[in-house]
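Note that this is a predicted model, so its numbers are computed, not measured.
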Amino acid sequence: MRITVKKIGMFFNTIKEQGKELEASKEKARTQTELLLDRLPINQGFSAWTIFNSNMVGLHTPITSIRRALNSLERAGKIEKIGRRIGNLNKSEFTYKLTIQ
């Protein structure tokens with residue numbers, strides 16, 4: 001079985017929402033990504049786990065949402081990958097830096 005994901009702006013429509021629900025999800029994803037961008041550290045590397053552990057985007061924001069936002073920001077050229085590190089659970093993760101100010 002093949003799953004098709006349609007990217008709509010900053011929202012990845014994996015659950016095939018439509019109408020008002022889709023519009024609300026797109027707005028929430030945009031807002032969350034912009035909120036994260038506004039709070040990223042300048043002149044300092046960061047990773048999904050450092051953002052998650054610092055509660056930059058809210059206490060109940062899932063790590064997967066933070067990773068999605070980082071991927072969207074990287075594709076938009078706002079941040080860039082600068083390396084890897086060992087993060088939580090002893091797993092490798094990417095580190096990023098802000099490319100705009």
Would L89 end up clustered with I63 when hydrophobic side chains under 4.5 Å apart are linked, directly or stepwise?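 No.
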
message: Under 4.5 Å between side-chain heavy atoms, counting indirect links through other Ile/Leu/Val/Met/Phe/Trp/Tyr residues: same cluster for L35 and W49 or not?
response: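 Result: yes, single cluster for both.
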
When rounded to the nearest 0.5 angstrom, what distance separates [atom1] in [X] from [atom2] in [Y]?
X: M56; Y: T61; atom1: CE; atom2: OG1; value: 12.0 Å
X: R67; Y: E74; atom1: CZ; atom2: CD; value: 14.0 Å
X: L37; Y: I79; atom1: CG; atom2: CD1; value: 8.5 Å
X: I82; Y: T95; atom1: CD1; atom2: OG1; value: 4.0 Å

*What's the verdict on side chain to side chain donor-acceptor pair (under 3.5 Å) for R84 and S92, showing C-alpha distance, side-chain angles and the deciding distance?*
CA-CA 6 Å; R84 291 177 93 88; S92 177; 2.9 Å; yes

Q.
Q44 vs T50, test: side chain to side chain contact (heavy atoms under 4.5 Å, CB included). Steps then yes/no.
A. CA-CA 11 Å; Q44 181 180 332; T50 56; over 6 Å; no

Heavy-atom closest pair, residues [X] and [Y]:
X: E93; Y: A48; result: OE1-N, 4.0 Å
X: T99; Y: E80; result: CG2-OE2, 3.1 Å
X: K97; Y: F46; result: CA-CE2, 3.8 Å
X: T33; Y: A69; result: OG1-CB, 3.9 Å

The side chain to side chain contact (heavy atoms under 4.5 Å, CB included) partner of Y96 among I51, L70, L73 is L70

Do R68 and T64 come within less than 4.5 Å of each other through their side chains, counting heavy atoms only?
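No. Closest side-chain heavy atoms not under 4.5 Å.
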
